[in-house]
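Keep in mind that what you see is a predicted model, and the values were worked out from it rather than measured. When reading the values below, keep in mind they use all heavy atoms of this one structure, side chains included, and skip hydrogens, waters and symmetry mates.
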Amino acid sequence: MTTISLRRRDPGMDIGHVADGFGSDPGVAEPNADSYFVEVQSKSGSVSFACGSGDTLLHAGLSQGLTLPYECATGTCGSCRAKVTDGRVAVEWDEAPGHSRVKRDRGEILMCQSRPLSDCVIRVPANVGMGLPRYTVPGHRKGHVDVIRRLTADVIHFEVSLSDPISFDAGQFVLLQIAGLEGMRAYSMVNYGGDPRRLSFVVKRKIGGGFSNWLFEAARKDQTVDVFGPLGRATFHPEENHNLLMIAGGSGIAGMMSMLERATQENYFDNHKGYVFFGVRTLSDCFYLSEFNRHLRKANDNLEITVTLSNESSDSQYHVSFPEIRIASGMVHEVCAQAMEGRYDNLMSYIAGPPPMVDGALRALIVGARATPDRIRYDKFG
């Protein structure tokens, strides 16, 4: 753990006077003996919030409705960069990959990895305000793992029952943490609606991945999990009235399963088109086929789902056991670009998966389809 310390403020200085001040907004918590005042200076002015000594700046701010910048919220992407101009903070995870994007010798930090040791002032290179008009304000919950089911040799589906109900948009994610593993992991929900005290996830095993290795080797039912969320803006909203394009690789399909579930529940494909391209290495690596089939049968021929195989060729254009599911060989973004040519009208596109796949899909959409940024949604997990 590293401590960043800048000059101490005048003890008489009360940063609660900036913006609307503490207590003037019902979403802002009052500080107490175990919390500190934090002033955020941004392009849009200054806002203040209270942060507990055991909480990170990002989580505390988001849970009080501040529109702080973030993507993964786990220290990977570096999007929650800020500079400490006054006060002291402790950096929890020195090796966080996102630190490569900050100048730590100049007081820059990742808000998701920093907790206060005093009242402090931070400068954020973004517009920061109060209020999340579309999204549910995230918060902490306790959960218990009560379902663990292996889908393939290296993919596991698991479910967590929550201490308190949660409301989230299709496509959002939460952060999970278990005792004994450093840091939190971001996972998109597979489910949507139904039981507000249950979250479903799918995880692909990664070499050196602490959480995925725990799932495969040591996880047990009734394991306690800390949950923070919901988070993420790569979400599906039926009222936007778009046709849907989903490009996913491996466990990146999780959030898109949630979108398909909501679309099916609301009969969205009665009047809209949907195109799903799901990339895996081989046919034996594919999962959620029964779920895909259920959505297809309720979509009145307005939904197409194509599984793409990057490491093997297919003898058939359709799955032998699920003939409504299409099969193609090649990299998922390349198969998608070829299949979607001339069909980009009124599309909202969603991308999730390994970073190289996401980059390839972005290039295909921006260069090939001339899609504008407001019509592409994705969250950076890697």
Side-chain angles (χ1 to χ4, degrees), residues 2-32 34-75 77-93 96 98-99 101-104 106-140 175 184 228-233:
T2 300
T3 299
I4 294 179
S5 179
L6 294 220
R7 66 177 178 80
R8 297 186 66 85
R9 286 205 307 274
D10 180 346
M13 178 183 180
D14 178 7
I15 69 172
H17 73 278
V18 298
D20 293 330
F22 280 101
S24 63
D25 189 302
V28 180
E30 291 284 356
N32 55 45
D34 296 318
S35 64
Y36 298 101
F37 282 113
V38 179
E39 176 185 348
V40 180
Q41 298 176 344
S42 73
K43 295 178 180 179
S44 53
S46 297
V47 291
S48 304
F49 67 99
C51 183
S53 58
D55 209 352
T56 68
L57 297 171
L58 180 66
H59 292 175
L62 291 176
S63 65
Q64 294 172 62
L66 269 72
T67 58
L68 296 173
Y70 73 92
E71 287 286 348
C72 72
T74 61
C77 69
S79 299
C80 62
R81 178 170 56 96
K83 182 175 182 178
V84 180
T85 61
D86 200 355
R88 300 168 60 236
V89 302
V91 178
E92 296 286 272
W93 183 21
H99 280 136
R101 295 187 57 186
V102 304
K103 299 175 181 177
R104 301 179 70 180
R106 299 185 182 181
E108 291 187 355
I109 59 169
L110 299 177
M111 290 184 285
C112 71
Q113 298 301 321
S114 304
R115 59 180 179 84
L117 298 176
S118 71
D119 293 347
C120 56
V121 179
I122 60 175
R123 185 172 299 142
V124 177
N127 293 315
V128 179
M130 291 295 305
L132 302 172
R134 165 169 279 180
Y135 301 103
T136 300
V137 174
H140 289 279
L175 307 182
M184 305 190 85
F228 181 78
L231 299 168
R233 305 180 186 93

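Here the options are R115, M184, Q64, the test is side-chain contact (heavy atoms from CB on, under 4.5 Å), and the partner is H59; only M184 passes.
Of the inter-residue distances, the one linking L231 atom CG with L58 atom CG reads 7.5 Å to the nearest 0.5 angstrom. If you take CZ on R104 and NE2 on H99, they are separated by 4.0 Å, rounding to the nearest 0.5 Å. Expressed to the nearest 0.5 Å, how far CH2 of W93 lies from OG1 of T74 amounts to 6.5 Å. Taking CD of E92 as the reference point, atom CG of L110 lies at 12.0 Å (rounded to 0.5 Å).
For the pair C80 and C112, the tightest heavy-atom approach, listed with the atom from each and the gap, is SG-N, 3.4 Å. Closest non-hydrogen pair, K103 versus E108, comes out as N-OE1, 2.8 Å. When all heavy atoms are compared, the tightest approach of R81 to P125 is O-CD, 3.5 Å. Nearest approach of V40 to F49, heavy atoms of both residues: CG2-CE2, 3.6 Å. Scanning all heavy atoms of the two residues, the minimum distance from F228 to S63 falls at CE1-CB, 4.4 Å. Nearest heavy atoms, E71 versus S79: CG-OG, 3.1 Å.
Residues C120 and D86 are not in side-chain contact: their nearest non-hydrogen atoms beyond the backbone lie 4.5 Å or more apart. For the pair L57/L68, no side-chain contact is recorded, criterion being any heavy-atom separation below 4.5 Å from C-beta on. Under the 4.5 Å side-chain criterion, counting only non-hydrogen atoms from C-beta, M130 is in contact with L66.
With hydrogens and angles ignored, the 3.5 Å screen pairs no side-chain donor or acceptor of D34 with any backbone N or O of G52. Between the side chain of T67 and the backbone N or O of G129 there is at least one donor-acceptor pair closer than 3.5 Å. At distances below 3.5 Å, not a single donor-acceptor pair connects side-chain atoms of E39 with backbone N or O atoms of V47.
A 6.0 Å sphere centred on CZ of R123 holds no more than 12 heavy atoms belonging to other residues, nucleotides or ligands.
Listed by chain and number, the residues in a side-chain contact (heavy atoms from CB on, under 4.5 Å) with P69 are M111, V124, A126, V128 (sequence neighbours excluded). Among residues two or more places apart in sequence or in another chain, the side-chain hydrogen bond (donor to acceptor under 3.5 Å, both in side chains) test is passed with S44 by S42.
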